[in-house]
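Computed over heavy atoms, backbone and side chain alike; hydrogens, waters and symmetry mates excluded.
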Amino acid sequence: MVNMMTETLTLSKTAGIKLTYADALELISWEDLAKLLLSTKELTLMHDTIKTFMNRKHRVNQGVLNAVLVKAVITAKRVHGEHQTINEAYLRLTFESFVLDENKKIIINTAEQAINKLTKDIEMLRSMRKNKKDNSPDWVKQYVDELPGYEIDARYAHDPKRANNPPWLNDYLDELDNQEDEL
């Protein structure tokens with residue numbers, strides 16, 4: 001696991017200014033952070049909502065609130081789509097799940113803790129993506145495997161309902177037809 005507290009950002013090569021990610025999270029304004037995370041159109045739609053949320057008294061520092069904003073925007077885009085807007089209720093729920101424990105006590109007090117939690121969440125998502133397995137039934141896998149070499153079944157070129165079926169499907173349908181004929 002990457003410890004984001006020790007990672008640094010170099011702001012100027014000539015001045016040699018280096019900040020930790022936690023320091024940067026505390027120093028950047030929510031407005032500038034929102035400009036980095038959102039398109040101009042999205043920012044126009046959400047500015048007042050984010051401003052209202054960020055100006056509430058949350059009993060945590062600006063770095064933690066900025067981390068909540070990052071988490072909310074990234075999660076909304078990942079789950080709901082690239083241009084999804086977020087409302088104040090979504091920000092509040094993100095805050096509660098990110099900062100508070102099940103007893104509604106603050107467990108994320110510093111920007112360093114917030115960075116570490118964001119990093120842990122991102123790594124968990126990456127590992128879930130790597131371990132994602134295909135739960136498709138075997139017949140779906142067989143059908144997908146046949147698609148690249150898929151040709152029209154010449155036996156049924158005259159029948160528009162069955163002409164585009166793979167041969168194995170037509171064989172199955174023939175068996176069903178034969179069973180019906182026998183009844």
I'd like a table of donor-acceptor pairs (distance under 3.5 Å, sequence neighbours excluded) in which one partner is a side-chain atom from residues 25-33, with atom names and distances.
residue	atom	partner	partner atom	Å
Ser29	OG	Glu31	OE1	3.4
Ser29	OG	Asp32	N	3.1
Ser29	OG	Asp32	OD2	3.2

Would you mind checking if Lys51 and Glu88 are paired as a salt bridge, meaning a charged N to carboxylate O distance below 4.0 Å? no

For the student: nearest non-hydrogen atoms of Ala67 and Phe98, plus distance: CB-CE2, 4.0 Å

Once rounded to the nearest 0.5 Å, what's the spacing between atom CG of Leu173 and atom CG of Asn178? 11.0 Å

What pairs with Lys41 under salt bridge (Lys or Arg N to Asp or Glu O under 4.0 Å), at least two apart in sequence or on another chain? none

What's the shortest heavy-atom distance between Ala72 and Leu91, and which atoms? CB-CD2, 3.7 Å

Write down the atom of Thr52, the atom of Arg56, and the distance for their closest heavy-atom approach. O-CG, 3.3 Å

Do the rings of Phe53 and His58 sit parallel, tilted or perpendicular, given the 30° and 60° boundaries? tilted

Using 4.0 Å as the upper bound for N to carboxylate O, is an ion pair formed by Lys77 and Glu42? yes

Just wondering, do Val99 and Ile107 contact through their side chains at under 4.5 Å, heavy atoms? no

Look up atom CG in Leu65 and atom CZ in Phe95, then write down how far apart they are to the nearest 0.5 Å. 6.5 Å

Check: Ser97 side chain, Thr94 main-chain N or O, donor-acceptor pair, under 3.5 Å: yes

Can you name the nearest heavy-atom pair linking Ile86 to Ala76, along with the distance? CG2-CB, 3.4 Å

Would you please test Val70 and Leu37 for side-chain contact (heavy atoms from CB on, under 4.5 Å) and show each step? CA-CA 7 Å; Val70 169; Leu37 296 170; 3.9 Å; yes

When you group the ILVMFWY residues by side-chain heavy-atom contacts below 4.5 Å and let the links chain together, are Val79 and Leu118 in the same group? no

Output yes when a side-chain donor or acceptor of Gln113 lies under 3.5 Å from a complementary backbone atom of Thr110, and no otherwise. yes

Donor-acceptor under 3.5 Å (Asn103 side chain, Lys105 main chain): no

Indicate, with yes or no, if Leu100 and Ile108 share a hydrophobic cluster defined by side-chain heavy-atom contacts under 4.5 Å among Ile, Leu, Val, Met, Phe, Trp and Tyr. yes

Gap between atom CG of Leu125 and atom CD1 of Ile74 - 0.5 Å precision: 10.0 Å

Check salt bridge (Lys or Arg N to Asp or Glu O under 4.0 Å) between Arg78 and all other residues, then give those that pass, not counting sequence neighbours. none

